[in-house]
Amino acid sequence: MTTLLICLPLAAALIVWVLPLNPVSAGALALLAALAEVGIWIQLLVRYDFAQGGLQFSDQHTWFSDLNVSYHVGVYGFSVWLIGLTVVVMAATITYGFWAGRERIRAYMGLMLFLMGAIVGVFAAQDLLLFYAFFEAMLIPLYVLVGVWGGPGRMGATLKFVLYTMAGSLLMLASIVVYGLSEHTFDLVQIGQSSSQWIFLGFVAAFAIKAPLFPLHGWLPDAYRESSPEVAAVLSGVVSKAAAYGFLRIAVTKFPGPAHDFRAPILALAAIGLIYGSLLAFRAPDLRGVIAYSSLAQMGLIIMGVFAVNDLSLDGSVLQMVNHGLVSATLFLLAGMVERRALTGELGRLGGMARGRPALATMLLTTGVIALAVPLSSAFAGEFLILAGVFQRGWGWAVAGAVAIVLAAMYVLRVVSAVLHREVGSAVSDSALDLRPAELGVTVPMIACLLALSIWPAAITQHSFRGDHGAADVAGQFK
Amino acid sequence: MIALLGPEISWYLAVAGFLFATGSLGVLLRRNPLIVLLSLEIMLNGANLALIGFSRNLGDGGGQIFALAVMAVAASEVVVGLGLVVALNRKRVTLDVDRLNTLRG
Amino acid sequence: MLVASAGNVVVWMVWIVAAFACLGSGVAVVSFSSPFYSALALIGNLGSLAVLYLLLNAEFVAAAQVLVYAGAVMVMFLFVIAYIGPRSESPWMGGPGWQAVGAVLAAGALLVEIVVVISLKASGQLAHSEHVDATFGTPAYIGRLFLTDHLLAFEITSIVLLVAAVGGVILGAHSRRSPEEVPSL
Amino acid sequence: MIPKPHVDWFALAPVDSLLVAAGVALLCAVLVPRSWRKGVAAGVCGLGYAAAFGFGVALYVKSADGHGVVADAFNRDRLTALATMIVAGTGLLVTGVAYRERAREDHAAEYYALLAASGAGMAFFVGANNLMTLFLALEWFSISLYILCAIDRDRLGGLEAALKYLVIGGFGSAVLLFGSALVYGATGKLDFPGIAAAGAQDNALLVFGLAMLIAGLAFKASAAPFHMWTPDVYEGAPTPVTAFMAAATKTAALVVTLRVLVTAFPANAHLWTVAIAVIAVCSLVVGNLAALVQRGVKRMLAYSSISQAGFMLIGVSANSPLGGRALLYYLIPYTAMSVGAFAVVAARERELGVPVTFENMAGFGWERPLLGISMWAFLLGFAGFPLTGGFVGKFYVFAAAYEHGWTWLVIVGVLATLVSLYYYLGLVRAMFMRRTEDLQLAPIGGSPPRETLLQTAVVTCLVVTVGSFFAVQPLIDLCKHAVNSLPWGV
């Protein structure tokens with residue numbers, strides 16, 4: 001079933017590329033595949049035995065035996081949620097791309113489907129080399145998606161993005177070689193824990209760049225601004241979670257010693273990123289900039305949660321990964337819809353869009369309210385759990401987190417008011433329509449997911465690690 | 001049974017090494033392709049002398065065979081090299097260009 | 001060496017003359033500015049090498065050297081030089097960058113080589129040389145080796161020559177097309 | 001009566017089939033009417049390569065225990081067979097790529113004859129078992145390649161490239177020859193096992209000879225610092241010939257390097273492993289840095305081939321069966337990627353009629369999707385991205401270096417890969433992300449010449465490049481048995 005989940009989008013990508021379909025049927029086929037993927041995921045969710053936990057639906061075939069590398073995939077409780085995030089966000093973005101009528105749609109849809117398969121693969125891989133392969137494979141479609149369908153500054157943005165992420169990834173490759181050969185296996189389930197700080201830092205480099213962790217976020221603003229809104233949604237919503245997943249699945253789990261030694265510096269960087277990102281988000285002149293920097297801040301928070309390594313913080317991190325994934329993807333898509341109408345994302349030239357556009361206003365407002373973590377929202381649950389967990393590692397970290405949450409409230413309110421309220425901006429014409437049904441079709445399900453999580457956050461927090469106390473078991477490697 | 005008369009093999013080797021080094025300097029420093037080809041011959045001859053010297057020293061015919069084969073190879077290289085020089089020259093004359101430099105060095 | 005026989009003295013003298021002729025002509029080949037003189041010097045070089053081969057009991061090789069090399073190959077060389085004239089500079093050959101590096105390396109190789117030889121001489125590793133019987137190096141001896149131990153080498157040598165002959169034909173043949181027809185690639 | 005050595009014709013069958021093909025193709029030049037000549041000669045050449053490939057497979061199957069044949073001058077073992085298969089496969093693809101070459105027609109038959117002859121030389125070279133056959137086979141295929149570079153005598157670039165190749169190649173083989181002479185003098189043997197058995201350790205004569213042997217082979221593998229001919233020659237030679245040189249010559253030279261060093265010089269491993277590692281690092285540095293500033297695609301690929309040689313030499317330097325496997329495995333996607341990449345360049349060149357640069361590749365990816373996507377895959381493969389065999393190859397090479405205890409070499413390799421991304425992805429960017437209409441450089445529109453053979457070759461290369469990522473196990477088994485025919489003194 002896991003294999004099906006990985007291969008379905010890849011196969012669909014091949015079909016879309018190879019068959020000479022017309023644009024509409026190519027898009028429809030891609031959409032169908034994405035929806036089928038969501039269906040399979042729901043099957044997976046229903047059939048996953050949360051009471052038992054551990055690795056399920058695993059599938060293992062030898063890839064090459066002399067170095068003990070195998071195709072080994074499977075899902076843990078928290079992977080189920082992350083895969084769910086992936087399929088939902090990807091389905092929404094594919095729909096949006098189809099509706100927005102991207103040119104060269106066959107290539108575009110193929111790449112999106114390919115990306116979907118690769119991301120699901122990252123969350124399901126239980127072999128280091130396979131994990132690396134999927135982790136890199138994500139980059140191939142992203143490179144083209146940003147570089148071909150991006151804005152005017154796309155060339156520089158892609159170059160920066162690729163060089164940054166590959167620098168980290170290749171260090172990780174070196175680490176994987178050393179780690180796997182010294183342990184005589186690359187299987188993530190079997191491989192023993194290591195106390196080597198160098199290997200640990202190699203992995204951290206890759207994940208810290210991809211997440212990104214302050215100060216390695218140099219690629220982020222350009223990539224998020226220059227790519228098309230749905231690609232930015234995938235980047236910030238899903239791809240960054242692959243890095244957080246890597247921290248959780250490999251860095252913390254397999255390297256308890258070094259993770260302990262480096263806890264303070266990594267928590268400090270994450271906290272700096274959190275506050276710095278929030279400040280930048282507050283000052284950013286455009287819609288996408290705000291979301292991009294808030295994404296940096298939120299990733300800081302999630303990494304804090306992962307590295308605090310205790311029950312509360314880990315549960316909170318997984319919840320927050322899903323939350324933030326949905327929130328930032330929705331926001332980027334909404335930003336795209338706003339830009340489509342106003343032809344700009346500059347906050348100074350927007351304003352007053354709420355008048356006569358109730359759907360847009362409702363969507364943006366709901367997402368914004370969840371993003372600023374008002375009590376009872378799912379983001380509130382996630383952030384609260386993380387902060388509570390981090391508090392156990394030192395009250396200073398929690399204070400930093402709390403400050404950032406206050407900042408978050410400020411920048412979210414600023415965006416909402418700048419777009420929806422105040423007087424009508426220079427770029428907003430009266431003829432700009434409200435959200436079309438297709439746009440609603442994209443955003444409503446995502447917001448519905450967020451609301452569902454707000455009502456029942458325990459769906460994730462109680463079902464990520466085994467039973468109720470799996471988080472402390474991280475050292476026990478999810479078994 | 002014949003013993004080696006005259007200088008022992010190290011002296012031959014010294015001559016061989018000197019020839020080889022001379023030839024390689026010629027290949028690297030000269031610009032006239034004909035002289036470069038001649039210098040290549042010097043290099044090969046240096047190697048041949050070493051081969052034959054060792055062959056005599058070891059009392060093994062392999063070195064001599066090798067040297068003969070090298071001669072044939074040297075002749076082949078010369079044929080092709082001279083063919084190229086002639087073709088290039090003819091080409092240059094037809095194009096009537098003094099200094100053609102289509103390849104960056 | 002103290003009790004050098006008369007024959008040995010003669011061999012030594014011949015060796016000294018041949019070796020110096022060989023070295024001198026080698027330097028001459030490389031340093032003459034006209035390829036014509038260089039080629040003539042190479043003939044001298046090949047001749048003196050043949051003498052050294054004879055001293056090393058390589059009769060057949062020496063004969064081949066004179067006949068094939070100094071005879072046939074050099075005649076071809078001289079023909080080409082006469083055909084295209086002495087001036088044939090190739091500005092692209094040997095850039096200023098690696099030219100100097102290469103020359104230095106080659107000089108270094110020479111130096112190392114001589115050091116190696118001297119050190120070996122000191123260690124006496126090559127001092128001993130085998131006694132060989134009278135057939136060593138004769139055409140019969142060479143021929144037998146060529147047909148037994150080195151059969152394959154013999155065959156390949158002929159293939160190499162054949163390939164080169166084909167190449168000579170291709171490169172030497174006159175162009176049958178006018179320059180206008182030439183595609184730019 | 002002279003006792004003739006037994007000749008194992010089966011062992012020589014790949015070489016012989018190619019030689020026969022070369023001979024028949026040469027006869028075509030006189031016997032077949034002009035209009036048919038090219039097709040017949042190309043067909044004969046392709047058949048020869050196909051036969052050589054088939055015989056290579058048969059030899060692989062039937063040579064479980066490697067041994068010398070024809071008075072121990074040639075090795076009949078699985079390493080030879082596998083290398084023959086790679087060379088023959090390359091030759092077959094190159095024949096397809098060459099078929100529509102826009103060149104003069106009056107030497108078409110000779111072109112294919114020489115292509116087959118050089119392949120035969122390489123097939124022999126990889127099996128050479130003594131220094132004499134090694135040198136002769138090296139000259140055999142080198143001379144064929146010199147002529148192939150200059151086959152179109154109307155192209156000044158080709159002639160100059162050929163002369164440069166001849167001079168520097170001749171220099172390299174002279175160095176190799178002198179090295180062989182010194183090794184012969186130090187050990188008294190010409191055959192590799194004999195040299196090893198003589199067991200001379202760090203005798204100055206032997207060490208010097210070994211160094212010169214390595215240098216001579218590095219010239220052929222175009223590893224830095226013996227690479228200076230590569231960019232000019234790759235640029236000047238006809239593109240199919242360049243593809244053949246980049247793929248097959250490098251394969252042959254690297255396999256022979258592995259064989260010579262492991263078979264003949266096990267006692268000096270502590271020296272040559274370091275030497276090879278240094279050459280590998282030089283190649284990585286020089287190849288990658290120089291490739292960064294190239295604008296011509298052929299020159300960029302030439303420098304990239306230097307850096308790829310560096311990666312593969314890391315496998316040799318590990319001096320272990322794992323390193324050997326890494327090298328042989330790497331060669332399979334590498335040859336496919338090089339032939340494919342140069343084939344795409346050839347296609348573009350024929351379309352435009354001018355040398356291919358980054359600028360005039362603009363928009364190529366969208367105009368010719370098949371070739372564009374293939375080129376994309378080849379470039380990603382060179383850069384070591386997953387879904388191509390290049391990734392697994394790099395992984396193996398790094399694993400071999402680490403197993404040898406050289407973590408620093410892994411780091412160097414990783415950094416080199418990072419640098420290489422810039423130019424590989426730069427070409428991808430040129431092909432897909434520039435808008436052709438903005439640049440107005442390439443003539444757009446019009447149908448390109450239909451080149452079924454070239455496209456088939458490119459697709460085959462694509463299949464090998466991607467397929468080798470998935471089918472690692474069978475390929476590694478193939479390589480394992482091949483490498484195990486070397487005497488690893490463990």
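The structure presented is a predicted model; accordingly, all values stated were derived computationally and were not measured.
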Between B:Val79, B:Leu84, B:Ile35, the one whose heavy-atom pairs under 4.5 Å with chain C are most numerous | B:Ile35

Between atom OG of C:Ser33 and atom CG of B:Asn32, what is the distance when rounded to the nearest 0.5 Å?
-> 9.0 Å

Winner by heavy-atom pair count (cut-off under 4.5 Å) against chain C, out of B:Val70, B:Asn48, B:Val73 = B:Asn48

Which atom pair, heavy atoms only, marks the closest approach of B:Val78 to C:Met76?
-> CG1-CE, 3.6 Å

Sort B:Phe66 into side chain, backbone, both or neither according to what part of it lies under 4.5 angstrom from a heavy atom of chain C.
-> neither

Residue part contacting chain B, namely of C:Ser158, when any heavy atom lies under 4.5 Å | neither

Distance in Å, B:Ser76 OG paired with C:Ile159 CD1, rounded so as to fall on 0.5 Å steps | 11.5 Å

Looking only at C:Ser25, C:Gly137, C:Ala19, most heavy-atom pairs under 4.5 Å shared with chain B are made by C:Gly137

Approximate separation, where rounding is to 0.5 Å, of B:Thr22 OG1 and C:Leu23 CG | 7.0 Å

Is a donor on one side and an acceptor on the other found under 3.5 Å between the side chain of C:Tyr141 and the backbone of B:Gly61?
-> yes

What is the distance from atom CG of C:Leu145 to atom CD1 of B:Ile65, rounded to the nearest 0.5 Å?
-> 4.5 Å

Let me know if C:Met13 has heavy atoms under 4.5 Å from chain B in its side chain, its backbone, both or neither.
-> neither

Student check: side-chain heavy atoms of B:Ser55 and C:Phe136 closer than 4.5 Å | yes

Contact leader toward chain B among C:Val73, C:Asp149, C:Val10, C:Leu161, where contacts are heavy-atom pairs under 4.5 Å | C:Leu161

B:Leu49 versus chain C, heavy atoms under 4.5 Å apart: side chain, backbone, both or neither?
-> both

Would you call B:Leu37 and C:Phe77 a side-chain contact if the rule is heavy atoms closer than 4.5 Å?
-> yes

For the candidates B:Ile42, B:Leu38, B:Val15, which exhibits the highest count of non-hydrogen atom pairs separated by less than 4.5 Å from chain C?
-> B:Leu38

Greatest number of non-hydrogen atom pairs under 4.5 angstrom with chain B, of C:Val11, C:Val14, C:Val30, falls to C:Val30

Heaviest contributor of heavy-atom pairs below 4.5 Å to chain C, chosen from B:Ser39, B:Ala87, B:Ala72, is B:Ala72

In a table with atom names and distances, give each donor-acceptor pair under 3.5 Å that connects a side chain of residues 51-71 of chain C to protein atoms at least two apart or in another chain.
from, atom 1, to, atom 2, distance (Å)
C:Asn57, OD1, B:Arg56, NE, 2.9
C:Gln65, NE2, C:Leu46, O, 3.4
C:Tyr69, OH, B:Glu41, OE1, 2.4

Can you tell me how far the CG atom of B:Leu68 sits from the OG1 atom of C:Thr157, to the nearest 0.5 Å?
-> 9.0 Å

Given B:Leu34 and C:Ser38, is the side chain to side chain contact (heavy atoms under 4.5 Å, CB included) satisfied, shown in steps?
-> CA-CA 9 Å; B:Leu34 289 168; C:Ser38 280; over 6 Å; no

